[in-house]
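Order of the sequence lines sets the chain letters (A, B, ...), proteins ahead of strands, with each chain counted from 1. All values reported here derive from a predicted model rather than from experimental measurement.
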There are 2 protein chains.
Amino acid sequence: MKPKLEDVAKLAGVSKTTASRVLNNRGYLSEKTLKKVHDAMEQLNYQPNAAARQLFKQKTGLIGLIFPTVSNPFFGELVDYLEYELYQRQFKVIIGNSLQDISKETDYLNQLLAGQVDGLIVGTHNQGIAEYKYSHLPVVAIDRVMNSDIPIVESDNYNGGVLATERLIKSGVKQIIHTNGPVDLETPANRRRLAYEKVMQDHGLPHNTFTVDFRLSYNEKKEQYNKLFDLYPNVEAIFASNDVDAKIIMTIAEERGKKIPDNLLVVGYDGTELMRNIVPELTTVIQPIEEMAKTAVDVLIKRISGVQTEPEYILPVTLWDGRTGIK
Amino acid sequence: MKPKLEDVAKLAGVSKTTASRVLNNRGYLSEKTLKKVHDAMEQLNYQPNAAARQLFKQKTGLIGLIFPTVSNPFFGELVDYLEYELYQRQFKVIIGNSLQDISKETDYLNQLLAGQVDGLIVGTHNQGIAEYKYSHLPVVAIDRVMNSDIPIVESDNYNGGVLATERLIKSGVKQIIHTNGPVDLETPANRRRLAYEKVMQDHGLPHNTFTVDFRLSYNEKKEQYNKLFDLYPNVEAIFASNDVDAKIIMTIAEERGKKIPDNLLVVGYDGTELMRNIVPELTTVIQPIEEMAKTAVDVLIKRISGVQTEPEYILPVTLWDGRTGIK
DNA sequence: TTGTAGGCGTTATCAG
DNA sequence: CTGATAACGCCTACAA
């Protein structure tokens, strides 16, 4: 059905080898055969078979991206930039969203490690993935601690925590709550919490972190955040773990009669282009998503080519100073 | 470096054939060899080579997804569901974001048509893609007209347009503007415009559609929407082409001193989970994203198995009745 | 400048 | 129950 190189060769009246040479511009070809072969390829609408090439070359031209879900704006934008950067370097991208299933990450890994991809960029929240160890596949982690062999690209979470907390303290509020994922997850995002705690302590203020699992549905999250307000009725400010949650918190606060920023200050985290454009009033910490993507791809390509890389790449964050973080 | 089946066979003291049988649970195996081979596989941490399999089987287990960008919540959620559905059926997913480049779509296509994938789900906004014709690859389009051979999965855009327009008219406003992409793009989304025009006419009201290209950056879009207000200073309501733009319009309106909903009604389109949760006040038309993804995958699988399919699948929309659409 | 032959790793057919 | 062999489509020594 689908033409192969041999068909092209036959039609052009040459050997497979010659046809292959034309296909890859290798060696010396006479103008005449060049044209013959090109014509034949066109006529048959020939496309070289990817699997055969991969088998021979021992590389696939594919990179696997494993992230919780592209329906979250942060990961959506990150994956978008990653795909863009990789495309520039002739790589295509296989994506796996691992949020729903804990087993799915492992499953993806096992399959991808089967020589299905030339490298992996990972930013999942699941844990205990021993599989990474067993592979010699180049891997880069984004905002996620895997193991000592795997380089991490991350934004400056500690400084982000400092910026957010200090912004809130400046308005003179005392009761500032931080929301974050489970502590036991070994992620650089935990440094935001450390920064928050340190800054609060330095100012002689009490710190309280309210834990909410990433994986919860929107309704479950709303329930949790309602509990936050029940638990801390006098809360004056919230430093949320991400912008989506920050906005949900704002809505709940308003439902409960709290005006923002008068009765409650809110600072988010991530600062995606989307959120900055549709909720510009939200004060937030901007992660340099494009830079993170670029760096991750650079590092991965280096690893693929066997070049040495650093264990950690920390990129600077900035504060988006909206109306919700100051009064 | 990486062990192959032959290494496993050698270690287990059997032939490649037997090892392959164990790997695929095919035919009769004695308990003893079964164990031997399994042990060997474990010991070597064997992973079958994907390219070799693909070459032999003539299928890749991959589906290509070509969409404008996953950083838009609608496409993000859609891709998320598509990936989920396809994973359930043992397919992995290659994604291509074609928004930035016009040539990128063509490029992706050509590469993917090279037997790199077993099927394609397409939802781009670019046009004039002749390549689809030349391939016998199973393709399904989402909300996009390709050519007569390619089935379309879409939500009921016409009814969506009716719901949105009628919602606005109910509040007694007269000057209702609709925003949409370029008319010349042959997309089912144009039916929203038709519905809007028809409903307005039926009510004896004037209709005006304001064209804004999808591909514009956020800043360019803001500029455009500012022009909208300059052009129609007395606008009373806007039926926007999507929720993100609707929210941007709301922000601009408020900057210009218009209170919503008192001085301006706004209805969006898409109704993603994200937007319904972070901007619940926005009245919008909900596209059944999950159903669309399921249907698209069903149809694609049918096509791959050579089963006949309908030319068009239209799924019902619903109205999300927020505070911005009524006064 | 062009052709022949063998191999990339897997699976299926056909004997045994 | 198990093993040899050919084939999937492409690419590159090596020969001519």
For [X] and [N], what is the distance between atoms [atom1] and [atom2] respectively, to the nearest whole Å?
X	N	atom1	atom2	value
A/Phe56	C/dT10	CZ	C1'	17 Å
A/Leu34	C/dT1	CG	C1'	12 Å
A/Lys16	C/dG3	NZ	C1'	11 Å
A/Gln47	D/dC10	CD	C1'	15 Å
B/Lys59	C/dT11	NZ	C1'	13 Å
B/Asp7	C/dC8	CG	P	11 Å
A/Asn25	D/dT12	CG	P	12 Å
B/Gln58	D/dC10	CD	P	10 Å

Residues [X] and [Y]: side-chain donor-acceptor under 3.5 angstrom:
X	Y	value
B/Ser155	B/Gln287	yes
B/Thr33	B/Ser30	yes
B/Thr187	B/Arg144	no

*Considering residues, nucleotides and ligands other than B/Gln88, do more than 12 of their heavy atoms fall under 6.0 Å from its CD?*
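Yes - once you tally the heavy atoms of other residues, nucleotides and ligands closer than 6.0 Å, there are more than 12.
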
Can you see if the side chain of [X] gets near the phosphate of [N] - specifically, an N or O under 4.0 Å from OP1 or OP2?
X	N	answer
A/Arg53	D/dG9	no
B/Tyr46	C/dT10	yes
A/Asn24	D/dC11	yes
A/Ser15	C/dT2	no

May I ask you to say what [X] touches in the nucleic acid, namely base, sugar-phosphate or nothing, with a heavy-atom cut-off under 4.0 Å?
X	result
A/Thr18	sugar-phosphate
B/Gln54	nothing
A/Ser30	sugar-phosphate
A/Leu5	sugar-phosphate

Can you identify which nucleotide, out of [options], has its nearest atom closest to the [X] side chain?
X	options	answer
A/Thr33	D/dC10, C/dT2, C/dT11	C/dT2
A/Lys4	C/dC8, D/dC10, D/dT2	D/dC10
B/Thr17	D/dG3, C/dG9, D/dC10	D/dG3
A/Val14	C/dG3, C/dC8, D/dC8	C/dG3

Of A/Ala52 and B/Gly13, the one whose nearest nucleotide on DNA chain D sits closer to the 5' end is B/Gly13

Only distances under 3.5 Å count here; give the side-chain donor-acceptor pairs of residues 6-15 of chain A to other protein atoms, sequence neighbours excluded, each with its distance to 0.1 Å.
unit_1  : atom_1 : unit_2  : atom_2 : d
A/Asp7  : OD2    : A/Lys4  : N      : 2.8
A/Ser15 : OG     : A/Thr17 : N      : 3.4
A/Ser15 : OG     : A/Thr18 : N      : 3.3
A/Ser15 : OG     : A/Thr18 : OG1    : 3.3

Those residues at least two apart in sequence (or on a different chain) that pass side-chain contact (heavy atoms from CB on, under 4.5 Å) with A/Ala50 are A/Gln54, B/Gln116

**Item:** B/Arg21 vs B/Ala51, nearer the 5' end of DNA chain C by closest nucleotide
**Value:**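 With B/Arg21 and B/Ala51 compared, the 5'-side residue is B/Ala51.
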
